[in-house]
Amino acid sequence: MTALDALPPLSRVIAAHGLSARKSLGQNFLLDLNLTSKIARAAGDLSQCDVLEVGPGPGGLTRGLLMAGARHVLAVEKDPRCLPALAQIVEAAPGRLTVIEGDALAIDPLAHLVPPIRVVANLPYNIGTELLVRWLTPEAWPPVWETLTLMFQREVAERIIAAPGSKAYGRLALLAQWRCDARIVMHLPPEAFTPPPKVSSAVVHLTALPAPRFAADARVLERLVARAFNQRRKMLRAALKGAAPDIEDRLIAAGIAPTDRAETVDLERFCALARLMPGAGG
């Protein structure tokens, strides 16, 4: 038995440290170590990788990552109440776990990680989408990470993998699928968590592509997609009015009817339109 195996059950850790999940921090603790191990395995072979984990809480997934053989884990935790519980894991895995107290939106993980890097996290619900968009839109591509294995509310997970024509299709699907292969690898019911959230959850695995599927300027595409889906019920000639002179001509040149709505336009045509927009260069 290793020192990690000898750690007390998470339910006992939570009781010992008084760790009630806080809604203000988007916390829902995953206590089943079989499930956390399964999530860690979904991230692939971690033995040659450093892993970034955001919002480890009492450390259930952290344990899973270390037991799955992760070379080194950087765990970023905003809640100081969780630090003593995480310190126990640091002790049980000497040299393999670094814990930083702070806001994941404000910390540069590269100062603490050595490539290759994978991101694996049960993301706090209140910052999950913002973190994903940041990871998908760095200035340079390929990114510093190889894969993202992330837990979201099921509705958010379905938006990431959605196809054109569906209600879930939108900005997240386009940004994710432009530069990644994305798929749902696990579904989790509310009762898997403490306290149980009101919604089901899902784990999405995203693999960075060597290059985007279609040429486009990242910032132009981002702005275009955000504007198009901000008024998704409108025809694109109205939703994008003011985005560029002669917007109808640009839509037609990209193979898009001016009367189309954003949710019917696929990634290839959005990229074609982005190449025709002001600021696209070339």
Side-chain angles (χ1 to χ4, degrees), residues 26 43 50-55 74 76 103-111 113 115-121 123-153 155-164 168-184 203-232 239-240 243-244 254 262-263 265-282:
D50 278 12
V51 178
L52 171 63
E53 183 189 6
V54 174
L74 172 67
V76 180
D103 185 342
L105 294 171
I107 286 171
D108 176 16
L110 275 183
L113 295 168
I117 296 166
R118 299 190 181 193
V119 182
V120 189
L123 290 174
Y125 282 167
N126 54 357
I127 63 167
T129 301
E130 183 174 352
L131 278 171
L132 174 62
V133 170
R134 287 191 184 193
W135 289 325
L136 291 174
T137 56
E139 288 187 14
W141 196 270
V144 295
W145 50 268
E146 292 183 341
T147 64
L148 308 172
T149 306
L150 306 171
M151 190 185 305
F152 295 98
Q153 295 179 33
E155 177 187 340
V156 176
E158 289 174 346
R159 281 164 51 200
I160 294 166
I161 65 159
Y169 181 68
R171 173 173 171 249
L172 276 188
L174 284 155
L175 292 180
Q177 295 171 37
W178 180 46
R179 288 172 152 177
C180 299
D181 284 327
R183 59 194 174 94
I184 292 177
V203 178
V204 183
H205 183 73
L206 299 103
T207 303
L209 297 171
R213 293 186 195 281
F214 307 103
D217 180 280
R219 299 302 166 209
V220 174
L221 182 64
E222 256 188 281
R223 289 195 300 269
L224 176 67
V225 168
R227 191 162 185 159
F229 283 95
N230 192 40
Q231 304 181 79
R232 62 187 298 145
L240 296 177
E263 64 190 29
V265 178
D266 61 20
L267 171 63
E268 184 173 7
R269 287 184 294 160
F270 263 118
C271 289
L273 181 59
R275 294 193 297 273
L276 298 171
M277 297 297 281

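Just so we're clear, the structure is a prediction, and the values are computed from it rather than from any experiment.
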Spacing of CG belonging to Asn230 relative to CG belonging to Leu240, to within rounding of 0.5 Å: 10.5 Å

Heavy-atom pair with the smallest gap, counting every atom of Val204 and Ala157: CG2-CB, 3.5 Å

Closest approach of Ile127 to Ala104 (non-hydrogen atoms, all atoms of both residues): CD1-CB, 4.4 Å

Residues forming a side-chain contact (heavy atoms from CB on, under 4.5 Å) with Pro116, sequence neighbours excluded: Cys49, Arg71, Glu146

Partner of Leu150 under side-chain contact (heavy atoms from CB on, under 4.5 Å), chosen from Leu132, Val203, Val156: Leu132

Nearest heavy atoms of Ala218 and Arg179, plus distance in Å: CB-NH2, 3.6 Å

Minimum heavy-atom distance Trp178-Ala216, with the two atoms named: CZ2-O, 3.4 Å

Which residues share a side-chain contact (heavy atoms from CB on, under 4.5 Å) with Leu74, sequence neighbours left out: Leu52, Val76, Thr98, Ile100, Pro109, His112, Leu113

Side-chain donor/acceptor of Tyr169 to backbone N/O of Val265, under 3.5 Å: yes

Approximate separation, where rounding is to 0.5 Å, of Leu136 CG and Ile160 CD1: 8.0 Å

Minimum-distance pair of heavy atoms, taken over all atoms of Met277 and Ala244: CE-CB, 3.8 Å

Side chain to side chain, Asp181 and Arg213, heavy atoms closer than 4.5 Å: yes

Residues that Asp103 engages under side-chain contact (heavy atoms from CB on, under 4.5 Å), provided they are two or more places apart: Lys78, Leu105, Ala106

Heavy-atom side-chain contact between Trp135 and Pro143 under 4.5 Å: no

Smallest separation among heavy atoms of Val144 and Ile117, with atom names: O-CB, 3.7 Å

Phe229 and Phe270 aromatic ring geometry - parallel, tilted or perpendicular at 30°/60° bounds: tilted

Point-to-point distance, once rounded to the nearest 0.5 Å, from OG1 of Thr137 to CG of Leu221: 10.5 Å

Other residues, nucleotides, ligands: >12 heavy atoms within 6.0 Å of Arg171 CZ: no

Side-chain donor or acceptor of Glu222 paired with backbone N/O of Leu175 under 3.5 Å: no

From Leu110 atom CG to Trp145 atom CH2, the distance as rounded to the nearest 0.5 Å: 13.0 Å

Rounded distance [0.5 Å steps], CD in Gln177 versus CD1 in Ile161: 8.0 Å

Straight-line distance of Leu206 CG to Thr149 OG1, nearest 0.5 Å: 8.0 Å

